[in-house]
There are 2 protein chains.
Amino acid sequence: MTLLDVAQRAGVSVATASRVLNGGDRVPRPELQERVKAAADELGYTPNAQAQALAKSSTNVVGILVHDIEDPYFAAIANGVMRAADERNLLVMMASTFRDSDREIAYLSSLRAQRARAAVMIGSRRTDAESLARTATEVETFLNSGAGLALVSQSGMPAHTIEPDNRSGAAELARSLVGLGWRKFAVLAGPDALATARDRRDGFVAGLAEAGLQPVAVEAGEFTRDGGYAAAQGLLDRKTDLDCVFAVNDVMAVGAMSALRARGVDVPRELGVAGFDDIATLRDVWPGLTTVRLPLEQMGRRALELAIEGGEATTETFKAEVVLRESTAHR
Amino acid sequence: MTLLDVAQRAGVSVATASRVLNGGDRVPRPELQERVKAAADELGYTPNAQAQALAKSSTNVVGILVHDIEDPYFAAIANGVMRAADERNLLVMMASTFRDSDREIAYLSSLRAQRARAAVMIGSRRTDAESLARTATEVETFLNSGAGLALVSQSGMPAHTIEPDNRSGAAELARSLVGLGWRKFAVLAGPDALATARDRRDGFVAGLAEAGLQPVAVEAGEFTRDGGYAAAQGLLDRKTDLDCVFAVNDVMAVGAMSALRARGVDVPRELGVAGFDDIATLRDVWPGLTTVRLPLEQMGRRALELAIEGGEATTETFKAEVVLRESTAHR
DNA sequence: CTGTTAGCGCATTCAG
DNA sequence: CTGAATGCGCTAACAG
């Protein structure tokens with residue numbers, strides 16, 4: 001069923017049919033409108049989006065790139081992007097890259113082929129100079145194709161950037177914890193190559209420094225639940241004179257809590273635990289996890305807005321807010 | 001940059017250029033291949049997917065419909081669909097419907113307009129006869145358009161269906177719990193209109209019946225964390241002579257645990273708690289949540305396969321497996 | 001206000 | 001093996 005079919009059945013030209021069915025400008029006479037609509041209805045006509053896109057060389061699809069949609073952090077941001085897209089009647093194409101820059105680049109290129117209006121890339125990449133450069137190149141190509149682009153948590157790219165204030169948030173957390181009476185801290189850091197992980201670690205350390213403290217230990221690990229679990233184990237194996245541990249994200253923190261539990265370490269009596277992100281799904285863990293809240297959905301929404309708007313590359317920073325809960329209730 | 005530009009620069013016809021760049025059949029002479037590839041490269045040519053789709057009237061995009069991507073249950077299944085799609089080089093379009101059947105229908109229609117190859121609808125719909133009928137109509141239209149379709153957890157539609165074995169799983173859970181020594185059960189049921197919620201409740205009740213038991217209370221609530229929290233509160237307000245509570249999904253169970261904690265009820269000493277789904281992100285809650293595991297990712301993968309394959313509408317059931325953890329360790 | 005027509009960018013017969 | 005021509009379905013001038 002094509003527009004032509006509808007037009008013929010209604011006894012009008014394709015132009016007229018197009019105008020009443022899609023085009024918003026010149027509206028034909030009411031009588032014809034009825035006829036066309038009726039014909040379209042009876043024929044079960046559905047416009048061919050591909051053809052429309054080709055004809056007006058513009059689409060209403062936007063892309064979202066996440067590392068892993070099953071990770072609640074990405075899901076929360078993606079949710080914001082999707083809601084914003086929905087409000088603007090945009091269709092969303094999504095892909096998980098699993099932190100593989102080749103997949104990422106390939107997907108960006110697919111979006112270009114689809115003539116996507118814009119794209120949002122969520123999450124920080126590894127600071128591997130070579131692949132970062134390749135990504136940057138593709139980012140430029142993408143932008144040059146006329147599409148909009150915004151990145152969340154990945155600075156240094158020539159596009160709009162949404163930055164959570166990881167350093168300040170972590171520093172503030174450190175201050176709060178010190179204020180609570182904790183003194184001997186360990187940091188369960190993520191991979192050193194991830195800017196987000198690094199910033200949170202550094203910010204925390206800086207916050208401690210203000211109080212004349214420095215971490216007793218810094219244990220690197222994957223940026224995942226298992227990474228947190230393993231890092232906590234490593235920590236216990238090596239160092240026992242601790243007060244409180246800060247994991248650079250909630251998922252790691254929760255993994256760490258399990259490791260501590262397995263070793264019979266009571267939280268927070270023997271050891272305080274804090275995370276970062278304030279993942280909604282994890283707000284019911286017990287003891288309640290002290291963390292730093294990020295307006296995840298907001299960040300996603302804003303990223304889409306910036307991506308759609310286009311214009312000069314800007315950077316917007318989103319404040320983080322310390323949320324104290326039972327996991328760091330000091331004795 | 002179009003194919004024509006590339007062809008001219010390479011001194012060949014568009015047909016030849018098309019063959020070397022995309023077409024997989026007749027491959028031109030090596031020399032020409034080089035020339036064309038070089039030209040495409042220098043010009044930064046990217047095929048226009050819309051045009052390709054229009055020309056061969058077929059696309060490589062598939063759609064995913066979830067109620068809410070931030071809900072880990074949907075994220076897990078969506079993840080399976082996305083991986084399967086990725087392996088087949090299919091692009092994924094996703095949308096959250098927030099259980100609004102109008103949005104759902106509208107999105108299905110958009111996918112039709114996009115000439116999507118297939119779609120996967122995840123989650124059960126409300127059994128509101130009127131809107132269910134409208135959805136069914138759109139489902140048929142979708143199928144008639146030639147695209148494939150599979151539904152997860154929603155039977156009764158004229159398309160492929162993936163069914164988690166909710167009844168058996170819940171019944172098996174009931175048996176296990178009774179075996180552990182629990183006797184006085186309450187069920188935190190979801191909305192009666194959601195088949196998934198109903199099946200789990202009924203299965204559980206049936207399982208209890210085998211042991212000559214019946215639930216002391218059945219409290220309906222939203223199928224969400226807050227629903228679980230509220231239902232648990234309602235339960236405590238009204239009924240105190242309980243052993244163990246079964247929430248029809250993990251998210252509700254976790255909400256319920258928070259409510260119990262707030263009331264000073266110790267789990268599992270005073271009250272056992274069990275859920276359903278075995279959400280990965282919640283495996284670290286404490287006490288560890290007894291639940292029924294569903295192969296979420298697998299279900300998503302399979303749904304995509306069926307949707308792509310097309311053919312006669314089939315129904316495949318996925319077994320559920322009881323996972324006993326600390327939340328139901330009987331005194 | 002409505003109809004005609006020329007592309008949009010590419011795949012694909014059909015000739016050569 | 002390669003090129004010319006046609007059509008995919010629709011929009012947007014341009015005429016009438």
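Chain naming here is simple, since letters A, B, ... match the order of the sequence lines and numbering starts at 1 in each.
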Please compare A:Ala55 and B:Ala51 by the position of their nearest nucleotide in DNA chain D and report the one closer to 5'.
B:Ala51
By nearest atom, which of the nucleotides [options] is closest to the [X] side chain?
X	options	result
B:Val12	D:dG9, D:dG3, C:dC10	D:dG3
A:Leu3	C:dT12, C:dC10, D:dT11	D:dT11
B:Ser13	D:dA4, D:dA12, D:dG7	D:dA4
B:Ala15	D:dC10, D:dG3, C:dA11	D:dG3
A:Thr2	C:dG3, D:dG9, D:dG3	D:dG9
B:Leu54	C:dG9, C:dT2, D:dA12	C:dG9

Side-chain ion pair, [X] and [Y], N-O less than 4.0 Å:
X	Y	result
B:Asp68	B:Arg99	no
A:Glu31	A:Arg35	yes
A:Glu138	A:Arg134	no

A:Ile69 side, atom CD1; A:Thr97 side, atom OG1 - distance, nearest 0.5 Å
11.0 Å
Length of the [atom1]-[atom2] vector between [X] and [N], whole Å:
X	N	atom1	atom2	result
A:Met1	D:dG9	CE	P	10 Å
B:Leu21	C:dC10	CG	P	9 Å
B:Tyr45	C:dC10	OH	C1'	7 Å
B:Arg35	D:dT2	CZ	P	10 Å
B:Gln50	D:dT11	CD	P	13 Å
A:Lys56	C:dA6	NZ	C1'	18 Å
A:Asn48	D:dG9	CG	C1'	6 Å

Does any donor atom in the side chain of [X] or [Y] lie under 3.5 Å from an acceptor atom in the other side chain?
X	Y	answer
B:Asp128	B:Ser131	yes
A:Thr59	A:Arg115	no
B:Arg112	B:Ser145	no

Taking OP1 and OP2 of [N], is either one under 4.0 Å from a side-chain nitrogen or oxygen of [X]?
X	N	answer
B:Thr16	D:dG3	yes
A:Ser18	D:dT11	yes
B:Asn22	C:dA11	yes
B:Gln52	C:dA11	yes

Shorter than 3.5 Å, N or O on both sides, protein versus nucleotides 14-16 of chain C: list them out with atom names.
none

Looking at B:Phe98, is A:Arg83 sitting on its ring face, NZ or CZ under 6.0 Å from the six-membered ring centre and within 45 degrees of the normal?
yes
Starting at the 5' end of DNA chain C and moving along, which residue's nearest nucleotide shows up first, A:Val14 or A:Arg29?
A:Arg29
